[in-house]
Amino acid sequence: MPINYATHYFFGIALFAGYLGYFSDYLIKGLSISDGNAAIIASMAGAGGFIMAFPIGYTADKIGRKYMVIITSLLIAFGSLGMFFLFTSFAGLIVSTFIFGAGWGVYVDLLVALGQDSVEDRIVGTISGFLFFIFNVGTIIGGPLYEALLSEGFKKTSLLSVIIPAFLAVLFVVFTKKMTKSTIEEHPEFEKQAS
């Protein structure tokens, strides 16, 4: 469980430092993209979550939540890398932001579900609340961290406060204990187990 806490914490930093805190500023001020195009690009995170959240959640119930938490973590990390570091073109930013949103749209809930699977039924609510608490500690840090580093420029700031925390979240979730059966009695055993 401590690994789940670290994963939530680093994702909270990356989310609020990058996408929710400064992505629009980066697009408009850093890349000189028009307000209208910046709005279209930013909306792709919502589109990614809207289109992909259900298929990802459904797949997680079939193959095991840990595997889909890893995949959504990778989507967030690589989407962030594309959004802030690899692409400056409209098309590249659209695709990167969609990928980021596809991961972000279900990641937090999947990680909480994984945490719930890891504990006894009687403390599921406590663990869920504590995971969201840790996530929100990260969100409190994320925005001010980005602002504090902004004198280094958008690229370096994004690398330090968005991309590195996103990849740290991936690393931590990889080492989370493998769960093949929910400990919550009313939940069925996962139908498939990845090798």
Side-chain angles (χ1 to χ4, degrees), residues 1-16 18-20 43-83 86 94-136 138-139 162-195:
M1 282 304 296
I3 289 175
N4 270 2
Y5 302 148
T7 303
H8 241 40
Y9 172 73
F10 282 116
F11 174 61
I13 291 176
L15 177 62
F16 274 75
Y19 179 73
L20 294 178
S43 72
M44 288 300 105
F50 173 74
I51 292 168
M52 297 304 299
F54 179 76
I56 289 172
Y58 179 82
T59 304
D61 288 338
K62 296 297 182 184
I63 69 170
R65 294 184 184 110
K66 175 180 176 177
Y67 305 108
M68 293 313 292
V69 171
I70 291 170
I71 288 170
T72 54
S73 298
L74 287 169
L75 291 173
I76 292 163
F78 284 111
S80 298
L81 189 62
M83 289 160 59
L86 298 179
I94 286 278
V95 171
S96 297
T97 308
F98 183 91
I99 290 169
F100 172 84
W104 168 38
V106 71
Y107 172 85
V108 173
D109 298 313
L110 281 181
L111 193 59
V112 170
L114 180 62
Q116 292 172 346
D117 286 344
S118 304
V119 298
E120 294 179 10
D121 194 18
R122 62 187 175 80
I123 58 167
V124 161
T126 302
I127 289 301
S128 301
F130 195 69
L131 281 167
F132 277 110
F133 166 76
I134 294 296
F135 168 73
N136 284 303
T139 67
V162 181
I163 297 162
I164 289 175
F167 277 97
L168 284 172
V170 174
L171 181 65
F172 280 108
V173 79
V174 166
F175 291 103
T176 300
K177 180 182 177 184
K178 177 182 175 182
M179 297 299 301
T180 57
K181 184 176 180 179
S182 174
T183 57
I184 304 170
E185 291 180 3
E186 63 270 23
H187 287 239
E189 186 174 17
F190 293 131
E191 293 177 12
K192 295 180 183 178
Q193 295 180 21
S195 56

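Below, all heavy atoms of this structure are taken into account, side chains as well, without hydrogens, waters or symmetry copies. What you see is a predicted model; the values in this text were computed from it and never measured.
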*OG/S43 to CZ/F98 distance, rounded to the nearest 0.5 angstrom?*
11.0 Å

*Could you tell me which residues satisfy side-chain contact (heavy atoms from CB on, under 4.5 Å) with F78, sequence neighbours excluded, listed by chain and number?*
L74, L81, F167

*Distance in Å, L110 CG paired with T59 OG1, rounded so as to fall on 0.5 Å steps*: 10.0 Å

*Measuring from W104:CH2 to I76:CD1, what's the distance to the nearest 0.5 Å?*
9.5 Å

*Considering all heavy atoms, the nearest G105-A53 contact*: O-CB, 4.1 Å

*Please list, chain by chain and in numerical order, all residues satisfying side-chain contact (heavy atoms from CB on, under 4.5 Å) with I71, sequence neighbours excluded.*
M68, L75

*Got a donor-acceptor contact below 3.5 angstrom from the T72 side chain to the V69 backbone?*
yes

*Which atoms form the tightest heavy-atom contact between A102 and I56, and what is the distance?*
O-CD1, 3.5 Å

*asked:* If I take atom OG from residue S80 and atom CD1 from residue I99, how far apart are they, to the nearest 0.5 angstrom?
replied: 10.5 Å

